[in-house]
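Beneath this line is the structure, given in structure tokens, with notes to follow.
Keep in mind the model is a prediction, meaning the values are calculated, not measured. Order of the sequence lines sets the chain letters (A, B, ...), proteins ahead of strands, with each chain counted from 1.
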Amino acid sequence: MNQKPPPSNTQDANEDITQDFIRDIINKDLKSGYHTSVVTRFPPEPNGHLHIGHAKAICLNFGIANEFSGQCHLRFDDTNPSKEEQEFVDAIKEDVQWLGFDWGEHLHHTSDYFEQLYSWAEYLINKNMAYIDDLSAIQIREYRGTLREPGKNSPFRDRSIAENLALFRKMRAGEFKNGEKVLRAKIDMASGNINLRDPVIYRIMHAEHPRTGNAWCIYPNYDFAHGQSDAIEKITHSICTIEFEDHRPLYDWFITNLPVPSKPRQYEFARLNLTYTVLSKRRLKQLVSEKYVSGWDDPRMPTISGYRRRGYPAVAIRDFTNRIGISKSNSTIEVQSLEACVREHLNQIALRRMAVLKPLKVVIENYPDGQTEEFEAKNNPNDENSGTRKIQFTREFFIEQDDFMEDPPKKFFRLAPGREVRLRYAYFITCTAVLKNEEKEIVEIRCTYDPETKGGNAPDGRKVKGTIHWVAAPYAIEAEIRQYEHLFTKEIPGENGEFLDDINSESLKILSNCKLESALKNTPIGETIQFERLGYYSADKDTSSSHLIFNQTIELRDTWGKNKRSENA
RNA sequence: UGGGGCGUAGCCAAGUGGCCUAAGGCACCGGCUUUUGAUGCCGGCAUUCGGAGGUUCGAAUCCUCCCGCCCCAGCCA
């Protein structure tokens with residue numbers, strides 16, 4: 001059937017191209033000759049940071065452009081200067097690029113078209129299809145009617161074309177205050193579709209615009225600006241989310257009645273929802289401004305910058321959006337699905353290292369004091385080409401507190417009194433004693449090692465069930481490690497009330513005495529590494545030369561821990 | 001008793017009248033492998049497509065009715 005397009009630079013070979021109703025439409029449009037090329041656009045409003053829901057739209061629009069050898073524009077929908085800021089513009093560009101997409105020459109702003117948009121507004125007035133209304137916002141609402149009752153015409157609806165034109169020009173000239181007058185499209189106050197009940201298309205807003213400064217005091221709203229901007233840019237397929245579906249008749253009304261240079265069409269898909277996550281701009285903003293998180297890029301945030309800081313690879317996010325597909329039905333994807341993508345990609349590329357998060361000191365009684373041995377450890381056992389690094393072994397080292405139990409159940413195959421385990425890449429050791437403090441807490445473990453098992457295998461062929469990780473005490477690097485849980489305790493935060501009530505108070509845990517193997521010394525900020533048997537960790541930007549900080553990206557799958565947890569439950 | 005959408009397994013989602021006793025992914029459950037209780041590999045997981053009728057030799061796909069869920073009454077996008 002359809003030939004698979006060649007992989008592009010942003011498309012890994014294993015990123016399969018999925019089929020969906022939008023790509024079906026595009027294929028038909030191309031086949032029928034209705035279009036000869038494809039132009040899409042991603043049109044964010046610069047009033048917040050991008051999140052995983054935007055990533056779905058970005059991957060869709062840019063992905064389609066790549067697959068069909070078309071073009072995807074990045075267009076800032078900057079029609080509301082009271083809400084928009086340059087800071088967001090810069091952050092959005094960075095995020096789109098980080099995700100792996102390139103808009104080339106096609107960085108646009110709706111504000112680039114203000115003059116054209118204005119003249120089309122006059123065009124509508126001249127065709128008696130738009131009028132100036134003096135009604136207040138409250139009155140307009142009253143006149144609009146309700147969902148079940150039709151609206152009624154504004155008393156100003158039948159002004160003459162000449163008067164409308166004169167008034168509109170005065171609006172532009174700044175002769176009125178905010179809210180005194182608006183320009184409305186003259187459509188149908190009785191329409192069942194409320195968007196068609198004479199929608200406001202220009203409002204007076206004496207505000208400085210980040211790009212046009214004080215050139216304008218009237219600004220077009222979304223409905224008037226968006227479709228016409230699409231037409232100017234010759235967008236072929238204008239893809240947006242479901243809630244704009246009943247704006248489409250209005251979109252089409254403008255495109256039909258205005259002398260626009262092309263006739264784009266709008267298609268809608270369902271926006272993304274994720275369990276244990278909040279994705280509305282309002283809520284995300286609130287989490288930041290009310291300091292529930294450290295910022296837009298807090299590693300617990302579902303923002304692109306949050307995931308980046310957390311250590312998620314861009315390819316995992318792209319792959320995720322591919323896997324979940326595109327449809328029109330409202331859906332909530334389990335975050336575990338995203339996390340599975342992250343693990344899958346990290347498993348392939350992440351370097352392996354050893355780190356002990358909650359250290360427990362071990363002393364090998366029959367190992368010479370002051371001696372250091374070096375072992376060769378694989379950087380990634382699943383990747384033959386990843387090479388090796390050296391790890392030091394000494395008489396004293398740290399193991400994970402969780403890897404020792406004084407009185408273990410049968411199925412615990414880590415260290416316990418009298419039991420033998422393998423130290424990864426080193427020796428078999430057997431626990432001979434447990435030292436405790438006055439509070440009866442375990443402070444140190446004594447062991448013996450078998451020199452014959454160097455490298456991790458016994459010449460006599462005996463097996464051990466467990467292999468644990470460790471870090472040599474004299475060579476250990478100290479680090480702070482930030483462990484994360486989902487930001488919310490409920491699958492659907494706020495489902496039964498206030499979403500802030502569902503915030504997980506345990507979502508961040510800081511471990512400060514962690515011991516890392518020496519090879520971790522100069523880990524580049526942002527690099528994600530697997531701490532063996534624990535999970536993936538990424539060096540945080542707060543790191544300084546004297547204070548190393550890692551963010552937990554995602555834990556390894558843990559069937560042992562999971563079973564234990566469900567037994568306790 | 002306004003308008004617009006959606007309903008296929010726990011969560012997504014292919015499917016557009018016969019090759020569907022319904023792809024694929026996530027989750028889950030078994031087994032094998034394993035110096036990460038990770039990874040990998042193998043196998044299992046909807047006789048059924050919101051429900052009821054109907055059309056047809058044949059329906060998840062067409063028709064009718066019903067049920068459920070979502071969106072819209074900003075001079076936000």
Worksheet item: Do you see a donor-acceptor pair shorter than 3.5 Å between the side chains of Ser136(A) and Gln139(A)?
Response: yes
Item to complete: Check the distance between rA27(B)'s P and Arg557(A)'s CZ and give it to me in whole angstrom.
Response: 5 Å
Practice prompt. Compare the ring of Tyr222(A) with the six-membered ring in the base of rA77(B) and state whether they stack (centres under 5.5 Å, planes under 30°).
Written response: no
Worksheet item: Expressed in angstrom and rounded to an integer, what is the separation of Met171(A) atom CE from rC75(B) atom P?
Response: 13 Å
Item to complete: Report yes if a side-chain nitrogen or oxygen of Arg353(A) is closer than 4.0 Å to either non-bridging phosphate oxygen (OP1 or OP2) of rU36(B); otherwise report no.
Response: no
Worksheet entry | Parallel, tilted or perpendicular: rings of Tyr427(A) and Phe375(A) (30°, 60°) | perpendicular
Practice prompt. Using only side-chain N and O atoms of Arg352(A), determine if any of them is under 4.0 Å from OP1 or OP2 of rU39(B).
Written response: no
Response to the item:
Per atom distances to the Leu147(A) side chain, the nearest of rU39(B), rG2(B), rC75(B) is rG2(B)
Practice prompt. Count the heavy atoms belonging to other residues, nucleotides or ligands that lie under 6.0 Å from NZ of Lys378(A), then report whether that count exceeds 12.
Written response: no
Discussion item. Just the rounded figure in Å: distance from P of rA14(B) to CG of Asp20(A).
Written reply: 7 Å
Worksheet entry | Rounded interatomic separation in angstrom, taking CG from Asn347(A) and P from rC26(B) | 13 Å
Worksheet entry | Aromatic plane relationship, Phe244(A) with Tyr222(A) - under 30° parallel, 30 to 60° tilted, over 60° perpendicular | tilted
Worksheet item: Is the base of rG40(B) syn or anti, where syn means the angle lies within 90° of 0?
Response: anti
Practice prompt. Find the runs of at least 3 consecutive base pairs, i with j, i+1 with j-1 and so on, that include RNA chain B, using Watson-Crick or G-U wobble geometry with both distances under 3.5 Å.
Written response: B:2-7 with B:67-72, B:10-12 with B:24-26, B:28-32 with B:40-44, B:50-54 with B:62-66
Practice prompt. Take atom CZ of Arg323(A) and atom P of rC26(B), then tell me their distance rounded to the nearest Å.
Written response: 6 Å
